[in-house]
There are 2 protein chains.
Amino acid sequence: MNKRPTIRDVAALAGVSVATVSRVLSGDYPVAGNTRTKVQRAVRELDYVVNAHARALSGATSNVVALVMYDVVTPFFAHIASGVEYQATESDRLCLVCTTHGDPDRELEIVKLMREQHADAVILVGGVLMNDDYRERMYRYAKGLEDAGSRLVLCGRPSLGPDFPAITVEYDNAGGAYAATSHLLSAGHRRIVLLGGPVGNTTFDARLDGYRRAMEAFRVPVDPALVVHDDMSQDAGFRQTQRLLAAGADFTAIFAANDLAAAGAMRALRAAGKRVPDDVSIIGYDDTPMAPELFPALTSVHLPHEELGRTAVKLALQRGENSTRQHVMLGTHIAMRDSVRPLI
Amino acid sequence: MNKRPTIRDVAALAGVSVATVSRVLSGDYPVAGNTRTKVQRAVRELDYVVNAHARALSGATSNVVALVMYDVVTPFFAHIASGVEYQATESDRLCLVCTTHGDPDRELEIVKLMREQHADAVILVGGVLMNDDYRERMYRYAKGLEDAGSRLVLCGRPSLGPDFPAITVEYDNAGGAYAATSHLLSAGHRRIVLLGGPVGNTTFDARLDGYRRAMEAFRVPVDPALVVHDDMSQDAGFRQTQRLLAAGADFTAIFAANDLAAAGAMRALRAAGKRVPDDVSIIGYDDTPMAPELFPALTSVHLPHEELGRTAVKLALQRGENSTRQHVMLGTHIAMRDSVRPLI
DNA sequence: CTGTTAGCGCATTCAA
DNA sequence: TTGAATGCGCTAACAG
């Protein structure tokens, strides 16, 4: 293991000064043609690579974008991560990925680490439990990051207001739920189960809200017995549907607030001898890769996952007036498949 | 945006020297109790965080582990990434994620970037096209990384030999295929389709090999007409199965070299009016989250994804004699579900 | 166009 | 136990 060469070694071998080496390396400075080639040859000869830390210390930026999410395997997060990674690469940035598994302490720790790293941006992804503590925490994050020259991006979660020093990139969560419910309603369904998530969670609150508004628009009263809250796992979908069935609940359609719960519901329906979509129509949310694989293929609300990630990075990297507090909302659409049947 | 405070500011506020501040921050050095508290108070007061680049420049290590893979959304990669991220966090490391989308140039670029970053380890994940060019490339990577104090880890791909300066963490790829095929064979199947991947790819070559060896062990001749090669997409599985069906191929079971192709095959079977497992049994590989969601739930070869990732990080971080060229092989097992039926 | 030099923020000798 | 001084490798003035 040889000691790795520094810019001085390159300068010595090329017979020029370190400044010149630095210049040909960064590229954006006039250097005589043959000086340049001399340096480049020396670089190749020594297999020299710059020290990113020294560079970051000397200049300012670290060329790193940090991504903070619940986990890395849930398709929702994985696809957003994909968009972030893609855009980061395109912008010559590296992508640091951290997971919290829902632990606020871990999140705090990560934000601190990102300040240490001087990340260009810190992107917090996904729904949260919205309350004062959360707001306050985000405010501290935003300030701390701002001091470090970073910026905070809220991705897939609501904005904290136009004066809040963070960038927000969200999707039309409630709108998607509205569209999904309307789709069912337009097909003649009136007794529609909502398989919802934890109360207080921004993601599932918004989906419930969309459901409510669509029902209202069609002048269909919401039957509280058909609105359930649980964690959004497969098992929860299964369990809740089974419970509804056992209780003899009267419904012809299910709107599951995510695909996983929809899959669980389909399993429960099948186990009970009900056929989808003949007996019960069902629509999911998130349009995860599993949706088209289910049988029947699941109609679901499609989210612009990758676009969310890409936009988050793009906005975070764009400098200039007020670039630190923007808000964009991306659209959703229904991916129609085979799990919804018109009534009559 | 205030300028962020440095260690000097802390020292000044606490009325001590920067050396002392450095000492209480790193923790592992005797400092008088009240001096320590004075410093800590100043740190809190100023909301000071160390500059990771300055620290890395001064000391040596950067506390970063790099993960290089095809993409970030394929469950195979996502789950390995999860293991890496988990273990990295546990070892107080940050996790840098890069994707290549199969581009060797991009890979080369990433390895260079990681040398610049002085990453503690660079973990290359997943199957590759094995040839001399590849071997040579890896050798250069390993050497370059070694000089930078990093180490190269090959994860989910074969070792390049005991003398090769890299750590290898793989799973028993051929063994899994052997087990899967044997499972079908034991159930009385003899005419078994292999939905295989690109020739030359280490992952799919090994799976083909396991299939061959199992057939041989059962003294069942391999019918070349039943062995197909394609990319391992859903569509490929669909297409190839459809083609086989149209050609009137004689088979009672399918071993798909991944779950995606298995899903495609099931779709083709269903479209042709064949029932799984009544008419055709099927078994997949990778045991992705989709497997239990399919109908019928897919029996599949389960891989220790997370363990692969964790082990890669663990070995890479462990210092000492010969710690730079280790080789571990993790086991696989069959996740039994509903897509295989005993014949008779 | 090229060289000299002064930091960037921190860890780490070496003294005290 | 603490402080002063040095250097990590590089970029960015500032001269020439």
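Letters A, B, ... mirror the listed sequences (proteins, then strands); counts begin at 1. For the numbers below, each heavy atom of this structure counts, side chains included, while hydrogens, waters and symmetry mates do not.
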Between B:V16 and A:V49, which is nearer to the 5' end of DNA chain D once each is assigned its nearest nucleotide? B:V16
Looking only at side chains, do A:T37 and A:N34 share a donor and an acceptor under 3.5 Å apart? no
Please identify the 5'-most and 3'-most nucleotides of DNA chain C with any atom under 4.0 angstrom from a heavy atom of chain B. C:dG9 to C:dT13
Nearest 0.5 Å, what's the CG-SG distance between B:D71 and B:C98? 13.5 Å
Have B:E85 and A:T99 got a donor and an acceptor in their side chains that come within less than 3.5 Å? yes
Can you name the side chain to side chain contact (heavy atoms under 4.5 Å, CB included) partners of A:N131, sequence neighbours left out? A:D133, A:Y134
Do B:R135 and B:M130 make a side-chain contact, defined as non-hydrogen atoms from C-beta onward lying under 4.5 Å apart? yes
Can you see whether B:E107 engages B:T100 through a side-chain donor-acceptor pair at a distance of less than 3.5 angstrom? no
Within residues 34-47 of chain A, those residues having any heavy atom closer than 4.0 Å to DNA chain D are none
Where do A:R4 and B:H118 land on the side chain to side chain contact (heavy atoms under 4.5 Å, CB included) test, with the steps shown first? CA-CA 11 Å; A:R4 86 194 307 249; B:H118 287 222; 2.8 Å; yes
Please determine, by modelled atom types, if B:E116 and A:H53 share a side-chain donor-acceptor pair under 3.5 angstrom. no
Student check: side-chain heavy atoms of A:L154 and A:V169 closer than 4.5 Å: no
Computed from five pairs at either end and rounded to 10 degrees, the angle between the axes of the helix from C:dC1-D:dG16 to C:dA16-D:dT1 is 30°
Contact state string [nucleotides 11-16 of chain D, B base, S sugar-phosphate only, - no protein heavy atom under 4.0 Å]: BBBB--
Could you tell me whether B:R93 and B:D120 have a side-chain N and a carboxylate O separated by less than 4.0 Å? yes
Distance-only donor-acceptor pairs under 3.5 Å for side chains of residues 43-50 of chain B, two or more places apart:
| residue | atom | partner | partner atom | Å |
| --- | --- | --- | --- | --- |
| B:D47 | OD1 | A:R115 | NH2 | 2.8 |
| B:D47 | OD2 | A:R115 | NH1 | 3.3 |
| B:D47 | OD2 | A:R115 | NH2 | 3.1 |

Using only heavy-atom distances, determine whether the side chains of A:S150 and A:E146 contain a donor-acceptor pair under 3.5 Å. no
